[in-house]
Amino acid sequence: MHSETHIKEKLTAFLKQHSISDLPVILQRPREDRFGDFTSNLAMQLARHLRKSPRDIALDITAQFGDDDPVVDHTEVAGPGFINFYVRKEGLLDALRAILKADKQYGRVQRENPPTAQIEFVSANPTGPLTIGHGRQAVLGDAVARILEAAGYDVTREYYFNNAGRQMRVLGQSVRLRYLEICGASVDFPEDHYQGAYIRDIAQKLYDRHGDSLKNSDDITPFKDIAEEEIFKDIKGTIARLGFAFDSFFNEKSLYDEGKIDAMVNRLKEKNLVAEKDGAVWFLTSQLGFDQDRVIIKSTGEPTYRLPDMAYHVTKMERGYDRIIDIFGADHIDTYPDVLAALKVLGYDVDKVTVLIHQFVTLTENGEKVKMSTRKANFVTLDDLLDEVGVDVTRYFFLMRSMHSHLNFDLALAKTHSDENPVFYIQYAHARICSILKLAEDKKLTWQQGLSRLDNLKTEEETALIRELTEFPKIIQKCTETLEPHKLVNYLHNLATVFHKFYTVCRVITGDEALSLARLALIQATRIVIGNGLNILGISAPERM
RNA sequence: GCGCCCUUAGCUCAGUUGGAUAGAGCAACUGCCUUCUAAGCAGUGGGUCGGAGGUUCGAAUCCUCCAGGGCGUACCA
């Protein structure tokens, strides 16, 4: 880390000498270790400005790093004009010591006054158990929350729901019909009602509680209420199994009760962005650069989802978060531009808002696609999945791909408890390390004793491992910017590869005590990084497998 | 028609603000356990990065056009 900033400063100074200010200094980790610790393409970038060949410029730059440089051991000019920097070994060892010292804090940012972030996700209405589709969003959202926490944010996880709409009425009616069946009535169960077996379970529960005393009730309220209660209990249980909990559940109804819906309409009216047409109330988005206006209150007097969405986001703004993150599935792609437009026109700082859109999950089993739908009965629930494969596999599968890509969830592979399953590759590296540390402990060898013997680390594999470990904070930084957990997954997988390679070539506990101790320190540092990384993903780091 | 996402090895996918010989897992094949966990390692085969132009020292990456797939384009959410 220190070496990196040192080199950057020198490169910046070189730019200053040539009065160039608009060129960012880029120092990258080369793809291959044989190209050094850091590499810069600066000379090639400068070729046009300075009207000299990249290699000549590179030589001018490397001349800045003499034999007496405190950080850089040597440099080389390679290929079309890359400058490769090789740092002094002591710099790497310092970085290693820093990891051991920071321990569980390594990669995390501590702040005096933590900024706040709110992240809204899942937000499924309580009409049925969470499906595998919801699973992607739940795991993604929690991982993003954990990344922000690692970056020093105080994070609120919020679940927004609506228990008043048409869906809920159909749900209540579905429970009522199943209840009547249990009471012995013959009923005609409509196809567009909720077919799932859980409806019968809820009806049964109601029957157990009240017998058939509700069978002549035309009011669906008791049916709806128990359905909501039971389904929410179920949803919260599933979320708990995934390893987190929501800090708040926001009921859309409160927006009506507190007059925030009317207030929203009035505020837009004041901006002359509301008009009545065909008996409905429209938000004149066409005046804000959109291709069409949008209905916010139907001719029935019932608001469309956009209006409460806007009012809801106003509350997010008013609650004073420094950052607001919404996670939506691809099917909601069209809902947020209007919401943001409304916020902007009302003077809120929409730059605080980040909307993450993730693509769908395709579930395949035995080579066939399984269509998931809550209404129809043929879904596989998230709970079922957790029963089959456990939390770690579930979370890993949802996090290993970019949210922008469709996720092909191979149920057969996920169920496999063997080396075919990629989760275990990272966890296995951690377990191996713990096993060695345990063995060393039995021999009265500790990694702490290795701190003063780190200069015994010399092999290619050892150096490669240290370099990889020092990347961790940069990966966290990157994840904080992009909010893409899969980048952390990829990093940990790669780190595990470097470790497994080291493990195969370098035996840790040998007759050479000084070397053994140094290597214990190295694997302890590796354990820290893998452990911290998995923790941010919400995946366990087992000590034995 | 319009908007967003995707198209990279047989399959599923990575690929750093444009960089050096495009990678991983799975599948196929070949080796490696009397020594800290073989859920591992080493190796082989497998590619016109959907197609065509353009930008430049340099493009899987940026721009334009085209083709294919997903999602949306509701007085559903």
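Throughout, a chain's letter reflects where its sequence line sits, starting with A, and its residues are numbered from 1.
- Listed pair A:Lys298 / B:rA74 fails the phosphate criterion, with no side-chain N or O lying under 4.0 Å from OP1 or OP2.
- A gap of 26 Å separates the C1' atoms of B:rG40 and B:rA22, to the nearest Å.
- If you check every strand for non-hydrogen atoms under 4.0 Å, A:Asp331 touches a base.
- Between A:Lys277 and B:rC75 there is no side-chain polar atom (N or O) within less than 4.0 angstrom of OP1 or OP2.
- For the atom pair A:Asp56 CG and A:Leu50 CG, the distance stands at 11.0 Å (nearest 0.5 Å).
- In summary, A:Lys438 and A:Glu441 do not engage in a salt bridge, as defined by a charged side-chain N under 4.0 Å from a carboxylate O.
- Using a 4.0 Å heavy-atom criterion, one finds that A:Ile297 contacts no nucleic acid atom at all.
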Protein-to-nucleotide contact annotation, 5' to 3' order, nucleotides 56-61 of chain B [B base; S sugar-phosphate only; - none; under 4.0 Å, heavy atom]: -B----
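- Under the 3.5 Å distance criterion, the side-chain polar atoms of A:Asn251 are matched with a main-chain donor or acceptor of A:Lys253.
- A distance of about 23 Å separates the C1' atoms of B:rC62 and B:rG68, rounded to the whole Å.
- Using a 4.0 Å heavy-atom criterion, one finds that A:Glu461 contacts no nucleic acid atom at all.
- Between A:Arg31 and the phosphate of B:rA20, there is a side-chain N or O to OP1/OP2 separation shorter than 4.0 Å.
- Distance from the side chain of A:Ser405 is smallest for B:rC13 among the nucleotides B:rC75, B:rC13, B:rG70.
- Between the C1' atoms of B:rU16 and B:rC29, the separation comes to 34 Å (whole Å).
- Here A:Arg34 lies in heavy-atom contact (under 4.0 Å) with a base.
- Counting any heavy atom pair closer than 4.0 Å across all strands shown, A:Lys438 reaches no nucleic acid atom.
- Looking at A:His404 and A:Gln359, their side chains never bring a donor and an acceptor atom within 3.5 Å of each other.
- Comparing the P positions of B:rC41 and B:rG25 gives an interatomic distance of 8 Å, to the nearest angstrom.
- Residue contacts for A:Ser299: at a heavy-atom cut-off of 4.0 Å it reaches a base atom on one of the strands shown.
- With centroids closer than 5.5 Å and planes inclined by less than 30 degrees as the test, A:Phe82 and the base of B:rG19 fail to qualify as a stacked pair.
- Across the P atoms, B:rC66 and B:rG72 are found 24 Å apart, a figure rounded to whole Å.
- With the 3.5 Å cutoff on both pairing distances, Watson-Crick and G-U pairs in RNA chain B assemble into runs of at least 3 at B:1-7 with B:67-73, B:10-13 with B:23-26, B:28-32 with B:40-44, B:50-54 with B:62-66.
- For the 3.5 Å distance criterion, the side chains of A:His134 and A:Thr131 qualify, holding a donor opposite an acceptor.
- Judged by the 6.0 Å and 45° rule, A:Arg432 forms a cation-pi pair with A:Tyr503.
- Side-chain contact between A:Phe246 and A:Val122 is present, with heavy atoms from C-beta onward closer than 4.5 Å.
- Nucleic acid contact class of A:Ala440 (heavy atoms, under 4.0 Å, all strands): none.
- Of the residues listed (A:Ile325, A:Asp326, A:Val144, A:Ile327), the one engaging A:Thr354 in a side-chain contact (heavy atoms from CB on, under 4.5 Å) is A:Ile325, and it is the only one.
- With a 4.5 Å cut-off on side-chain heavy atoms, A:Phe82 and A:Ser40 do not count as touching.
- In summary, A:Arg294 and A:Asp334 engage in a salt bridge, as defined by a charged side-chain N under 4.0 Å from a carboxylate O.
- Using a 4.0 Å heavy-atom cutoff across all strands shown, A:Asn84 reaches at least one base atom of the nucleic acid.
- If you check every strand for non-hydrogen atoms under 4.0 Å, A:Gln292 touches sugar and phosphate atoms only.
- Across B:rG15 and B:rC33, the matching P atoms stand 37 Å from one another, rounded to whole Å.
- Taking the charged nitrogens against the carboxylate oxygens, A:Lys316 and A:Glu120 do have a contact shorter than 4.0 Å, which makes a salt bridge.
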Stepwise ring-ring contact (aromatic ring centres under 6.0 Å, His included) check, A:Phe397 with A:Phe409: CA-CA 7 Å; A:Phe397 269 66; A:Phe409 199 107; 5.2 Å; yes
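- The residue A:Thr39 sits close to a base: some heavy atom pair falls under 4.0 Å.
- With P as the reference atom, B:rA24 and B:rC4 are 34 Å apart, rounded to whole Å.
- The stretch residues 487-505 of chain A touches RNA chain B through A:Lys487, A:Asn490, A:His493, A:His500, A:Lys501, A:Tyr503, A:Thr504, each having a heavy atom within less than 4.0 Å of the strand.
- In this structure, A:Tyr425 does not count as stacked on the base of B:rA39 under the 5.5 Å centre distance and 30° plane angle limits.
- A:Phe35 comes within 4.0 angstrom of a nucleotide base, judged by non-hydrogen atoms across all strands.
- Salt bridge annotation for A:Arg29-A:Glu468: present, with a cationic side-chain nitrogen under 4.0 angstrom from a carboxylate oxygen.
- Across all strands, A:Ile333 comes closer than 4.0 Å to base atoms (heavy-atom distances).
- Side chains of A:Asp392 and A:Ser540: a donor-acceptor N/O pair is present below 3.5 angstrom, by distance only.
- Across all strands shown, A:Cys506 has heavy atoms under 4.0 Å from base atoms, whether or not it also approaches the sugar-phosphate.
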